[in-house]
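All values reported here derive from a predicted model rather than from experimental measurement.
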Amino acid sequence: MPADTTSGGPLWAVMYHSVADPTDDPYQVTVSPDRLERQLRWLRRRGLTGVSMAELLRARAEGRGAGLVGLTFDDGYADFVTTAVPLLRRYGCTATVFVLPGRPGGTNEWDRLGPRKPLLTEDGVREAAAAGMEIGSHGLLHVDLVTADDATLAAETGRSRELLRALTGTEVGGFCYPYGTVDARVVAAVRAAGYAYGCAIDPGPLTGLLALPRIHVGERDTGLKLTLKRRLHPWRREPVPAAAFAEYARSAAYRASVAGAKAATTAPTAPAVTP
């Protein structure tokens, strides 16, 4: 399978959700803090750095990106700020958290089996942004957009972006499809809402800037399993067309990412651990 670019190889982005005790986890969306730290350490020891999707796409647009891995956290759980962010900063990483502005301070009511987990409040979203994390949209309420009517689809994509821009005061370039479900109609709605990129899971022939593939990483993913997932990734996912990165370079999100990177060079950062 051809690589996404000649310089960076296949685009590799991983998908997390909650970082907490995974004992009661019927949907396999929770990773323990200890496991996350082991996974971040695995990245460091292999010369890899976890970054936000905006940072990863900016690097690819500039013809670089080898050694960068996109880190994403879906749903916007409160433990992202309290547990994930300190670990990410300790290992010199950034990430993208996809939040639900229609449920500030709510819970994951869409998970029928539970357990109920608190979501980020508006202050929590601002705190994540202030810590250098990218804020993206996961829609308003976490609904399957493929089955949504046109009015719901427009609100879930467009209105959620408006709310997050007002909340953070920054550009919101990324969208993440709830449940990973996506079709051509939903991609068109995300484009119309003004997003620069979209994250899916395995979008198949829709793979592109607005339907980027990711792999799930969970509590059972040891270093050996991560190694296997990384090696098999080019064969399990469609490659992202190289033209997608040139398209990203023309977006407002790219310009905002460049400006943010320049600002970050003058801001103090926490020291990263030595692998």
Side-chain angles (χ1 to χ4, degrees), residues 8-22 25 28-60 62 64-99 120 124-136 174 176 199 212 214-231 233 257 260-275:
L11 186 84
W12 200 43
V14 302
M15 173 181 63
Y16 290 98
H17 289 79
S18 174
V19 183
D21 181 356
D25 189 30
Q28 302 295 302
V29 297
T30 306
V31 62
S32 66
D34 179 68
R35 178 61 71 189
L36 175 60
E37 182 164 19
R38 288 171 183 265
Q39 291 164 349
L40 294 176
R41 190 180 301 133
W42 180 89
L43 291 175
R44 285 289 302 269
R45 287 176 175 172
R46 283 152 184 80
L48 303 172
T49 302
V51 297
S52 68
M53 291 304 297
E55 188 172 347
L56 178 61
L57 291 171
R58 182 181 78 245
R60 289 305 184 94
E62 295 171 354
R64 52 188 181 83
L68 298 183
V69 178
L71 301 183
T72 65
F73 291 76
D74 292 9
D75 302 338
Y77 291 104
D79 55 48
F80 177 74
V81 164
T82 59
T83 307
V85 166
L87 286 171
L88 291 168
R89 297 191 72 176
R90 182 181 179 193
Y91 283 84
C93 297
T94 59
T96 301
V97 57
F98 292 107
V99 304
L120 288 169
V125 173
R126 294 189 189 97
E127 185 176 348
M133 307 299 150
E134 181 191 11
I135 307 299
C176 178
C199 282
L212 297 168
R214 299 179 296 166
I215 62 168
H216 173 264
V217 174
E219 181 65 16
R220 298 177 182 177
D221 285 315
T222 61
L224 176 59
K225 288 186 176 180
L226 288 176
T227 298
L228 291 173
K229 283 188 173 184
R230 186 166 185 248
R231 289 178 178 176
H233 180 64
S257 181
K262 291 180 179 178
T265 60
T266 62
T269 57
V273 299
T274 301

Please report the shortest heavy-atom distance between [X] and [Y], naming the atom on each side.
| X | Y | result |
| --- | --- | --- |
| Ala59 | Gly65 | CB-CA, 3.9 Å |
| His216 | Lys229 | O-NZ, 2.6 Å |
| Val97 | Ala128 | CG1-CB, 4.5 Å |
| Pro33 | Ala20 | CD-O, 3.9 Å |
| Pro10 | Arg60 | O-NH2, 3.4 Å |
| Glu134 | Ala54 | OE1-N, 3.0 Å |

Would you mind reporting whether [Y] and [X] have side-chain heavy atoms less than 4.5 Å apart?
| X | Y | result |
| --- | --- | --- |
| Arg214 | Cys176 | yes |
| Val81 | Leu120 | yes |
| Leu57 | Leu212 | yes |
| Leu88 | Met133 | yes |
| Arg230 | Leu48 | yes |
| Val31 | Gln39 | yes |
| Val19 | Phe80 | no |
| Leu40 | Cys93 | yes |

Measuring from [X]:[atom1] to [Y]:[atom2], what's the distance to the nearest 0.5 Å?
| X | Y | atom1 | atom2 | result |
| --- | --- | --- | --- | --- |
| Thr96 | Leu56 | OG1 | CG | 9.0 Å |
| Arg41 | Leu87 | CZ | CG | 10.0 Å |
| Thr94 | Met53 | OG1 | CE | 11.0 Å |
| His233 | Leu228 | NE2 | CG | 14.5 Å |
| Asp79 | Asp21 | CG | CG | 11.0 Å |
| His17 | Thr72 | NE2 | OG1 | 8.0 Å |

For side chain to side chain contact (heavy atoms under 4.5 Å, CB included), just list the numbers for Val14 and Leu71, CA-CA rounded to whole Å, side-chain angles, deciding distance to a tenth of an Å, and then say yes or no. CA-CA 5 Å; Val14 302; Leu71 301 183; 3.4 Å; yes

Which class fits the ring pair Phe73 and Tyr16: parallel under 30°, tilted 30 to 60°, perpendicular over 60°?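 Because their plane-to-plane angle is under 30°, the rings of Phe73 and Tyr16 count as parallel.
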
Would Asp75 and Tyr77 count as a side-chain hydrogen bond (donor to acceptor under 3.5 Å, both in side chains) if you check the C-alpha gap in whole Å, the side-chain angles of each, and the deciding distance to 0.1 Å? CA-CA 6 Å; Asp75 302 338; Tyr77 291 104; 3.0 Å; yes

Check whether any side-chain N or O of Ser257 sits under 3.5 Å from a backbone N or O of Arg58 as a donor-acceptor pair, and report yes or no.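 Between the backbone of Arg58 and the side chain of Ser257 there is no qualifying donor-acceptor contact (under 3.5 Å).
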
